[in-house]
Amino acid sequence: MKDKKSLIIYFSRADENYAVGYIDKGNTEIVAEYVRDLTGADMFKVEPLVLYAKDYATCIEEAKQRIGNAPIKEEIKDISQYEVIYIMSPIYWGTYAPELETAIKNLDFTGKIVRIISTHEGSGLANMVNDIKKICRGANVLDDAIAIKGSQAKNSKSIIENWI
Ligand SMILES: Cc1cc2nc3c(=O)[nH]c(=O)nc-3n(C[C@H](O)[C@H](O)[C@H](O)COP(=O)(O)O)c2cc1C
């Protein structure tokens, strides 16, 4: 995998987090940077058009409202140059963050290898793999997706290394 031209598409949110309090960098971003360091992949961070609240309880409700309608700051224009796409997201309400869906749903994944990592606090991969299989047209979604507990993100480098 390391020799293939790769792109990491990820969503991650700092501020108040479920198990780790207020943080400057989201759990998924920590893991995404490990993937980048180990593969040399390019990175695209999906950013919500309107930032989520800093406090966890409000964010939870906002995320629920955004399911199926989650505008983002910048679209991904073209993934044609990449062979492998890493899709990474926290689990929100049982699947990827709603903004992640907005970012990937109109891309042409024909012939692309897709590899998936979630971060979570108990749900594992939840429906993320199935939902990605449904919306990534033409993708070869590998069945080796992994789930990292958000509170363990910092300690996950060796897991990621073995997985890659
Ligand atoms: C809006 C919201 C919804 C969440 N829903 C779930 C969930 O359904 N299952 C779960 O295990 N964790 C859930 N979590 C916890 C996050 O998946 C977990 O803390 C993750 O590591 C956050 O990643 P980030 O710091 O990169 O944003 C939720 C967190 C938020 C903010």
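For ligands, and for the atoms within them, numbers begin at 1 and follow the listed sequence.
- Judged purely by distance below 3.5 Å, without hydrogens or angles, the side chains of Thr28 and Thr119 pair a donor atom with an acceptor atom.
- Judged as a salt bridge (charged side-chain N to carboxylate O under 4.0 Å, His left out), and not counting sequence neighbours, the contacts of Asp42 are Lys5.
- Within a 6.0 Å sphere centred on NZ of Lys154, heavy atoms belonging to other residues, nucleotides or ligands number 12 at most.
- Residue pairs meeting the ring pair (Phe, Tyr, Trp, His ring centres under 6.0 Å) criterion with at least one member in residues 54-81, sequence neighbours excluded: Tyr18-Tyr56.
- Listed by first and then second residue, the salt bridge (Lys or Arg N to Asp or Glu O under 4.0 Å) pairs involving residues 11-26 are Asp15-Lys54, Lys25-Glu33 (not counting sequence neighbours).
- Protein residues having at least one heavy atom under 4.0 Å from any atom of ligand 1 are Ser12, Arg13, Asn17, Gly26, Asn27, Thr28, Tyr56, Cys59, Ile60, Ala63, Pro90, Ile91, Tyr92, Trp93, Gly94, Thr119, His120, Glu121, Gly122, Ser123, Gly150, listed by chain and number.
- Under a hydrophobic-cluster definition in which Ile, Leu, Val, Met, Phe, Trp and Tyr are linked whenever side-chain heavy atoms come within less than 4.5 Å, directly or via other members, Leu125 and Trp93 are assigned to different clusters.
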